Amino acid sequence: MFKYSFLLICFLVSCSSQQPLPSSQPTLTIYAWNRGFNNPSVEELTTRFTDFKNKGVQGIIYSAGKQPIRYERAAKIAQSLNLEFYALLPALIQHKNKQLPKKVYVVNGLGESAYDKPAYPRNNFVCPNYPEVYDYLENMYAKIADIPEVDGIQLDVIRFPDVILAPALWKKYKVTMDKEQPKYDYCYCDKCVADFKAKTGIAIREVADPSQVAEWKQFRYDLITNLVNHLAKMVHSKNKKITAAVFPGPHSIAMKLVRQEWHKWEIDAFFPMNYNDFYLEDTEWIGAVCKEAATSLEQAKPVYSGLFICPDPENKAAIKDPEYFGLVPAELEAAIDASMNNGATGICLFTAGRMTDAHWAVLEEVIKKGQQRNYH
């Protein structure tokens with residue numbers, strides 16, 4: 001009897017989520033970034049994903065390292081709950097990966113390799129200009145995309161290191177970054193320098209201020225774009241979707257800070273990380289960058305506004321590390337409204353595990369109001 005009841009409930013949930021929602025039901029699309037590096041059990045993941053589902057989440061963006069078995073386990077649970085499932089894997093940050101030669105790690109304007117002297121701690125980036133990097137990433141993503149229950153791949157850290165950090169991070173890293181500086185400017189490896197000279201005739205290492213060379217910026221934009229589009233072609237050949245976590249913009253921030261010209265990427269959806277606290281901005285800024293994103297794409301594609309959640313709202317004023325800032329419950333509704341009223345297709349919580357009971361209560365109310373506010 002219990003088994004029959006459970007199957008009936010699953011059937012009803014599945015049907016209700018696949019049919020057009022009645023006018024009285026919410027229409028806010030919600031994804032949740034979630035981590036599984038501690039290799040949670042099936043029982044733990046089932047409880048976690050069920051809780052997300054009950055709170056209005058429709059899709060999981062799951063990060064759990066590089067082992068396919070972890071994604072297969074989580075994807076099967078998500079599928080049983082009728083949740084979309086995307087595997088999130090880092091692309092160009094590879095912490096001294098033994099499968100990649102030292103030569104493929106990015107080099108800054110001072111000639112320092114990120115392999116052993118990264119500009120920021122643990123920022124061991126590889127260069128998107130090497131066949132070895134293409135092959136490694138294609139093989140890694142292909143293994144995950146081949147898992148039947150995985151709906152798609154989400155690219156993460158698909159960029160160069162921050163040539164300029166978001167302002168809230170300056171104090172943490174003891175820097176002032178009002179302009180590009182050689183220490184944080186990548187990539188000046190021999191291959192990039194030679195390829196750029198062959199293409200433009202410019203010897204970039206001999207230029208007094210490379211930040212003023214538009215062709216040099218475009219060369220780096222194109223390196224990232226070409227890699228993304230190559231991976232997208234492979235993922236699409238497996239009848240899976242591919243998305244990316246990107247910096248806000250693209251023009252205002254992503255291109256300037258990390259060389260992401262993402263409006264040219266041939267992927268299925270974008271998840272801009274609209275972390276307003278990082279840029280010392282309020283929730284209105286979230287609306288502005290959502291509008292920029294939606295209007296920058298030549299072909300309309302979904303844009304899911306990534307919202308940064310404060311895990312300890314009551315003590316936010318005392319938090320010193322900006323990477324633990326984020327939206328408190330009183331700001332969440334305004335952030336969602338700003339996103340949805342300016343072209344976002346939905347939102348994504350970073351991370352769902354940081355949501356407090358108070359956050360979830362606000363989200364529940366916003367979901368109820370979504371239909372009246374003409375959310376998608």
Side-chain angles (χ1 to χ4, degrees), residues 26-34 56-61 84-86 88 91 151-159 166 221 224-225 228-229 231-232 235-236 240-279 281-309 326-327 331-352 363 366-367 370 373-376:
T27 55
L28 175 63
T29 302
I30 304 168
Y31 284 88
W33 276 304
N34 193 242
V57 171
Q58 292 116 306
I60 303 292
I61 313 296
E84 271 195 281
F85 184 90
Y86 286 79
L88 180 146
D151 294 300
I153 298 292
Q154 180 155 125
L155 303 172
D156 191 28
V157 200
I158 184 72
R159 59 182 180 85
Y221 298 152
I224 301 293
T225 296
V228 170
N229 291 345
L231 294 172
V235 173
H236 286 152
K240 298 295 177 73
K241 294 182 180 180
I242 183 168
T243 65
V246 295
F247 273 50
H251 305 283
S252 61
I253 293 175
M255 291 174 65
K256 294 179 180 179
L257 272 59
V258 294
R259 319 299 190 193
Q260 285 180 331
E261 199 174 30
W262 55 256
H263 57 293
K264 295 183 179 180
W265 296 0
E266 296 169 359
I267 62 176
D268 300 296
F270 301 89
F271 287 69
M273 297 175 286
N274 297 330
Y275 304 165
N276 57 297
D277 277 343
F278 279 27
Y279 302 95
E281 298 284 358
D282 58 17
T283 55
E284 290 185 8
W285 173 88
I286 294 175
V289 290
C290 281
K291 185 174 182 179
E292 179 186 350
T295 56
S296 294
L297 296 170
E298 293 182 5
Q299 295 182 342
K301 293 181 179 179
V303 173
Y304 297 97
S305 181
L307 303 181
F308 197 60
I309 304 300
L327 298 165
E331 298 173 306
L332 185 56
E333 183 172 1
I336 295 172
D337 281 348
S339 300
M340 301 303 294
N341 292 334
N342 285 281
T345 311
I347 64 168
C348 189
L349 305 171
F350 185 85
T351 66
L363 184 59
V366 173
I367 290 172
R373 298 182 183 187
N374 296 316
Y375 286 164
H376 304 289

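Computed from a predicted model, the values in this text were never measured in an experiment. Each residue takes its place number in the sequence, starting with 1.
Between atom CZ of residue F271 and atom CD of residue Q154 there is a gap of 5.0 Å, rounded to the nearest 0.5 Å. To the nearest 0.5 Å, atom OG1 of residue T29 and atom CD1 of residue I367 are 10.5 Å apart. Note that the CG atom of L349 and the CH2 atom of W33 stand 9.0 Å from one another [nearest 0.5 Å]. Distance NE2/H236 to CG/N229: 10.0 Å, rounded to 0.5 Å. Note that CD1 of I30 is 11.0 Å distant from CD1 of I60, once rounded to the nearest 0.5 Å. In this structure, D268 CG and Y86 OH are separated by 6.5 Å, a value rounded to the nearest 0.5 Å.
Between F278 and F308, the ring planes lie perpendicular to each other; the angle is over 60°, past the 30° to 60° tilted range.
Remark: side-chain polar atoms of T243 are not paired, donor with acceptor, to backbone N or O of F270 under 3.5 angstrom. In this structure a side-chain-to-backbone donor-acceptor pair under 3.5 Å is missing from E84 to D151. Judged purely by atom type and a 3.5 angstrom limit, Q260 uses its side chain to pair as donor or acceptor with the backbone of I158. Between the side chain of W262 and the backbone N or O of A245, no donor-acceptor pair lies under 3.5 Å.
In this structure, the side chains of N274 and C290 come closer than 4.5 Å at one or more pairs of heavy atoms. Contact annotation: the side chain of M255 approaches that of H263 to within less than 4.5 Å [non-hydrogen atoms, C-beta and beyond]. Using a 4.5 Å cut-off on side-chain heavy atoms (C-beta onward), I153 and L231 make no contact. Looking at L363 and I336, their side chains come closer than 4.5 Å, going by heavy atoms from C-beta outward. Considering only heavy atoms from C-beta on, V235 stays 4.5 Å or farther from I267 through its side chain.
In the displayed structure, K240 atom NZ is contacted under 6.0 Å by more than 12 heavy atoms of other residues, nucleotides or ligands. Under a cut-off of 6.0 angstrom, the local environment of NZ in K256 is sparse, with at most 12 non-hydrogen atoms contributed by other residues, nucleotides or ligands.
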Candidate pair N34 and T351, rule side chain to side chain contact (heavy atoms under 4.5 Å, CB included), full reasoning: CA-CA 6 Å; N34 193 242; T351 66; 5.6 Å; no
Steps toward side chain to side chain contact (heavy atoms under 4.5 Å, CB included) verdict (L327, T283): CA-CA 9 Å; L327 298 165; T283 55; 4.0 Å; yes
Step-by-step side chain to side chain contact (heavy atoms under 4.5 Å, CB included) determination, I224 to W265: CA-CA 9 Å; I224 301 293; W265 296 0; 3.6 Å; yes
Side chain to side chain contact (heavy atoms under 4.5 Å, CB included) evaluation trace for M273 with F350: CA-CA 9 Å; M273 297 175 286; F350 185 85; over 6 Å; no
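Nearest heavy atoms, T345 versus P302: OG1-CA, 3.2 Å. Across N342 and G287, no two heavy atoms sit closer than the pair CB-O, 3.2 Å. Pairing each heavy atom of S339 with each of L307, the nearest pair is OG-CD2, 4.0 Å. Heavy-atom minimum distance, Y279 versus Y275: CD1-O, 3.3 Å. Here the closest non-hydrogen pair linking C348 and A32 is SG-N, 4.0 Å. The nearest pair of heavy atoms linking P248 to I253 is O-CB, 3.3 Å.
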